[in-house]
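Take a look at the structure below.
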Amino acid sequence: MLYTQDRSEQRKFLSAAWQKFLNKQVLDPLEDQLTKVIEVHPEYHTLIQNIESDYFPEQGEVNPFLHINLHLSLREQLSINQPHGIQEIYKKILGKTRDTHKTEHLMMDCIAEMIFSAQKNNTPMDHQAYVECLKSITY
């Protein structure tokens, strides 16, 4: 039940998936994807259990739930090559960074920028600006 607008439900799902992983229980495909992202973020291992916490970016805090979902969003985009050409952009950035995790983080900054801009301006997400942001990544 990850695909919901309910913040509490999303967090419960993430936390439950992580707990299943820790208990070595069988994971469904989405839980498996989630736990792979959580696994490479040891700084989130305990935070992911605290679903009631608030995070304030203006105070330098990273929201682990948002961060994990941004990874998943990017991976989904890459799996279907949408927006068109994102796989090629990913390969170019990866060729420079030689690090898949770092590459994802660089690209996720563009996703976050697109979302923030749409929310701030109360406009639809600008996918063209998103692609331009991705193309502008130089490392």
Side-chain angles (χ1 to χ4, degrees):
M1 168 113 169
L2 181 67
Y3 300 108
T4 176
Q5 292 293 327
D6 186 303
R7 178 182 101 154
S8 178
E9 289 301 313
Q10 286 182 347
R11 289 179 173 201
K12 284 179 190 174
F13 185 86
L14 285 165
S15 181
W18 183 240
Q19 193 59 52
K20 280 176 72 174
F21 172 82
L22 294 175
N23 293 339
K24 299 185 182 343
Q25 294 175 287
V26 176
L27 303 171
D28 69 32
L30 181 56
E31 290 170 332
D32 185 55
Q33 289 178 45
L34 287 168
T35 58
K36 284 179 179 167
V37 173
I38 297 168
E39 197 172 16
V40 297
H41 287 89
E43 68 276 21
Y44 298 158
H45 290 181
T46 55
L47 296 176
I48 209 73
Q49 299 300 327
N50 188 356
I51 62 174
E52 299 302 323
S53 289
D54 288 319
Y55 300 91
F56 302 98
E58 59 275 1
Q59 295 175 3
E61 296 176 328
V62 174
N63 179 333
F65 300 98
L66 174 61
H67 187 86
I68 291 162
N69 280 308
L70 289 175
H71 272 286
L72 288 180
S73 295
L74 178 61
R75 289 177 182 186
E76 175 68 15
Q77 291 174 3
L78 290 168
S79 75
I80 61 173
N81 196 32
Q82 288 297 321
H84 182 73
I86 195 168
Q87 290 174 350
E88 295 305 314
I89 294 168
Y90 173 82
K91 288 175 188 173
K92 285 181 184 177
I93 298 168
L94 181 59
K96 294 176 184 178
T97 67
R98 307 239 185 262
D99 181 327
T100 58
H101 196 222
K102 185 175 215 162
T103 298
E104 285 186 15
H105 280 199
L106 289 168
M107 295 177 76
M108 286 163 41
D109 286 344
C110 290
I111 297 173
E113 185 178 314
M114 176 182 63
I115 293 168
F116 176 76
S117 178
Q119 289 176 340
K120 178 182 166 198
N121 299 315
N122 196 27
T123 59
M125 288 190 236
D126 186 343
H127 295 98
Q128 184 175 357
Y130 170 53
V131 171
E132 291 305 315
C133 179
L134 292 172
K135 287 179 178 178
S136 74
I137 295 173
T138 56
Y139 181 78

Counting only N and O atoms by type, is there a donor-acceptor contact under 3.5 Å from the side chain of Arg11 to the main-chain atoms of Ser53?
yes
Sequence neighbours excluded - salt bridge (Lys or Arg N to Asp or Glu O under 4.0 Å) pairs with any residue from residues 120-134:
none
Please say yes or no: joined through hydrophobic side-chain contacts below 4.5 Å, possibly via intermediate residues, are Val40 and Ile93 part of one cluster?
no
Glu113/Tyr130 under side-chain contact (heavy atoms from CB on, under 4.5 Å): CA gap, chis, key distance, verdict
CA-CA 8 Å; Glu113 185 178 314; Tyr130 170 53; over 6 Å; no
Charged N-O contact under 4.0 Å between Lys36 and Glu39:
no
On a heavy-atom basis, which atom in Ile89 and which in Lys135 lie closest, and how many Å separate them?
CD1-CG, 3.8 Å
Around atom CD of Gln25, are there more than 12 heavy atoms from other residues, nucleotides or ligands closer than 6.0 Å?
yes
For His84 and His127, I'd like to know if the aromatic rings sit close, meaning centre-to-centre distance below 6.0 Å.
no
Give the intermediate values and the outcome of side-chain contact (heavy atoms from CB on, under 4.5 Å) for residues Gln33 and Arg75.
CA-CA 9 Å; Gln33 289 178 45; Arg75 289 177 182 186; 5.5 Å; no
The reported gap from NE2 in His105 to CG in Asp99 (rounded to nearest 0.5 angstrom) is 9.0 Å
Between Leu106 and Ile137, the two heavy atoms sitting closest are O-CD1, 3.6 Å
Can you see which heavy atom on Leu94 is nearest to which on Thr100, and at what distance?
CD1-N, 3.6 Å
Could you check whether any side-chain heavy atom of Pro83 comes within less than 4.5 Å of a side-chain heavy atom of Ile86, counting everything from C-beta outward?
yes
Begin with the C-alpha distance, continue with both residues' side-chain angles, and end with the deciding distance and a verdict on side-chain contact (heavy atoms from CB on, under 4.5 Å) for Asn69 and Leu14.
CA-CA 9 Å; Asn69 280 308; Leu14 285 165; 4.0 Å; yes
What one should report as the nearest heavy-atom pair of Gln87 and Asn81 is N-OD1, 3.0 Å
Might you point out which heavy atoms bring Ala112 and Leu70 nearest each other, and give the distance in Å?
CB-CD1, 4.2 Å
Intermediate values then yes/no, salt bridge (Lys or Arg N to Asp or Glu O under 4.0 Å), Arg7 and Asp54:
CA-CA 11 Å; Arg7 178 182 101 154; Asp54 288 319; 3.0 Å; yes
Within this structure, what is the CH2-CG distance for the pair Trp18 and Leu47, rounded to the nearest 0.5 Å?
12.0 Å
dist Cys110:SG -> Met107:CE (nearest 0.5 Å) comes out at 7.5 Å
Can you measure from CD (Gln77) to OG (Ser79) and round to the nearest 0.5 angstrom?
9.0 Å
Please verify the inter-ring angle class for Tyr44 with His67; under 30° counts as parallel, over 60° as perpendicular, anything in between as tilted.
perpendicular
Derivation of the side-chain contact (heavy atoms from CB on, under 4.5 Å) call for Tyr90 and Thr103:
CA-CA 7 Å; Tyr90 173 82; Thr103 298; 3.5 Å; yes
Rounded distance [0.5 Å steps], CD in Glu88 versus CG in Leu134
13.0 Å
Is it true that, when you exclude Gln49 itself, more than 12 heavy atoms of the residues, nucleotides or ligands shown sit nearer than 6.0 Å to its CD?
yes
Tell me whether Lys92 at atom NZ has more than 12 heavy atoms from other residues, nucleotides or ligands lying less than 6.0 Å away.
no
Would you confirm whether Asn63, through its side chain, and Tyr55, through its main-chain N or O, come within 3.5 Å as a donor-acceptor pair?
no
Which heavy-atom pair separates Ile51 from Phe65 by the least distance, and what is that distance?
CA-CZ, 4.0 Å
Is there a path of hydrophobic side-chain contacts, each under 4.5 Å between heavy atoms of I/L/V/M/F/W/Y residues, joining Phe116 to Met125?
no
Separation between OG (Ser117) and CG (Asn122), nearest 0.5 Å, reads 11.0 Å
